[in-house]
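Notes follow the structure.
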Number of protein chains: 2
Amino acid sequence: MAAKVPDRRVRRTRNLLQDALMEIMLTKGYDDVTVQDIVDRANVGRSTFYAHFTDKQQLLTSGIEQLRESLARQEGVLEGPSAGLLGFSLPMFQHVADNYRLYRALVVKGGSALVEELARDMLTGLVRDELAVLVPPGAPLPVPLEVVVQYTVSSFLALQTWWLDQKMPCPAGEVDRMFRDLTIPGIMALGIAPQS
Amino acid sequence: MAAKVPDRRVRRTRNLLQDALMEIMLTKGYDDVTVQDIVDRANVGRSTFYAHFTDKQQLLTSGIEQLRESLARQEGVLEGPSAGLLGFSLPMFQHVADNYRLYRALVVKGGSALVEELARDMLTGLVRDELAVLVPPGAPLPVPLEVVVQYTVSSFLALQTWWLDQKMPCPAGEVDRMFRDLTIPGIMALGIAPQS
DNA sequence: TGGTTGTTGAACACGGTGCTCATTTTCGAT
DNA sequence: ATCGAAAATGAGCACCGTGTTCAACAACCA
C-alpha cells in the first residue's frame, strides 16, 4: 500500500494555492484575503480551487497541518519532560526561525483568531502532557494545573509573537532563555520540581 | 458646554443595538454575527443601523469604549505602582466579575482578533507605565523591558480567559493571587523590585 | 401645537461565495 | 507516440450580506 503520490498537476496546484495564500496574508492578513485574491495570485481557475478545498479556511488549515508535521519532525520537540522542564521551547523557536516567512504570515495583522486557536491547541497538548508527569497526581497545588498550563502556553506565545514582530532580533537560544527566565520561577514556586 | 444629551430615541436605538450584538455574540461569536442579525434582534430598521454606525465593528468598538470608561472609574485600576507591583490586577478582575455577561460575550468562541487586540492594547499601556517607573532607566536587564510587558499582559489575559471560560469558579481575589504567584517571581528574578 | 429630528422599509448596485458543466489540457502508462 | 483517464478551465448561476438612497411616517421637545 504505497502512499499514492498525487498527480503532478495536483501537487502543483496545491502548492500554488498554499504559496499564494501565504504571500497575500503577509500583506493583508488572513481575514481580508478573498478566494478570488488567491486564485488570481496563483494563476489558477476559480473552479479548480473548489475542486481541492471547500473554502479558504480549509486551505489555511491544510497549510498549518503541513507545518505541524514538519514541526513534529523537528529535533527534540516531542521528547517530553526528558529534556528538562519546558524542553519543547528551544526546538520550537528553532523551527520558527527555519520557517520564518511562514510563521510571519500567520502572525501579522493580529492574524485571525483561527490561527491563534490552532497554535494554542497544539501547544496546550504538549505542555499539559509535560506538566502532568512532573506533578504528584494527588498533590494539592496552590494553583490548578490547568491554569499553569494556560499560563505557560500564553507566555510562550507572547515571546514567540514578540520575536516574530521584531523580525527575530536575537538568536533562538536567546528568546528561549528569556522565556525560561520569566516563566520557570513562577512554576517552581508552586512546588513543581524539574527532575534535574 | 453641557454635554448635550442625545434624543431619547437615539439612546434607545443605540442601547437596543448594543444589547442585541452582545446577546448574539454570546451564541455565535462576533465573527459570525451579521448586521441583519443585529437589527432583527433589536427590532430596528436596517437603515437606522447605518444612521448610527458604519459597520458592526464600529458598534462593537463603541461598546468596548463604554466598558473601558466604566473600567477607568473602577476603584484602583489607575493607581499605578502605588498599589504595589501589578496593582491593576485585582480591581480588573473585580470589574470583570461586575460585568460578567459582557466580558463573556467578548471572549466566547475564540472571540475575534479585534477584541483581543483592543484588550491587549489597553492593558499594555497600563503595564508599560507601571514597569517603566520601577526599572532603573539605564539599567541593563537580562530581558528587554518590552518583553516583560508582553509577558505580563499575556499572563494576565490567560488567567482572565480561564476564569471566564470556567464561569468564575473562584472569587476575584483568588485568581488575582494565582496571577501574582505565577507572574511575579519571574519578574522579581530580573532585578525589578517592588517598592514595598 | 409645529418644526425638527429620528425611524422606517423598500429598492438598488456591488462583491464574494460555492457550485455546475461542457470543453480543453495535461498526465502517465503502455 | 498514442490513448484513456484525470485535472484544469472559465463562463455562468443563485445566493447572501453589505452599504446606500429616498420618500413617507412617527416621535420628540420646546
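Note that the coordinates shown come from a computational prediction; the quantities given were computed from them, not determined experimentally.
- A:D181 and A:R177 are joined by a salt bridge, as a carboxylate oxygen and a charged side-chain nitrogen come within less than 4.0 angstrom of each other.
- Comparing C:dG18, D:dA7, D:dT18 against the side chain of B:V35 picks out D:dT18 as the nearest.
- Spacing between atom CD of A:Q58 and atom P of C:dG18 amounts to 11 Å, rounded to whole angstrom units.
- Residue whose closest nucleotide on DNA chain C sits further toward the 5' end, between A:D7 and A:K56: A:K56.
- Set against C:dC19, D:dT18, D:dC29, the side chain of B:T34 has D:dT18 as its closest nucleotide.
- Distance alone, capped at 3.5 Å, places no donor-acceptor pair between the B:Y103 side chain and the B:L164 backbone.
- At the heavy-atom level, A:T48 lies under 4.0 Å from base atoms of the strands shown.
- Between B:E65 and B:R68 a salt bridge is recorded (basic side-chain N to carboxylate O distance below 4.0 Å).
- Look at B:Y50 and you'll find a side-chain N or O under 4.0 angstrom from OP1 or OP2 of D:dG19.
- Using a 4.0 Å heavy-atom criterion, one finds that A:S47 contacts the bases of the nucleic acid, with or without backbone contacts as well.
- In this structure, CG of B:D31 is placed 15 Å from C1' of D:dG17, rounded to the nearest angstrom.
- Side chain of B:H52, nearest nucleotide from C:dT7, D:dA8, C:dC27: C:dT7.
- Rounded to whole Å, the distance from CZ on A:R46 to C1' on C:dG15 is 11 Å.
- Proximity note for B:R9 (side chain, C-beta onward) versus C:dG28, D:dT20, D:dC28: the nearest is D:dC28.
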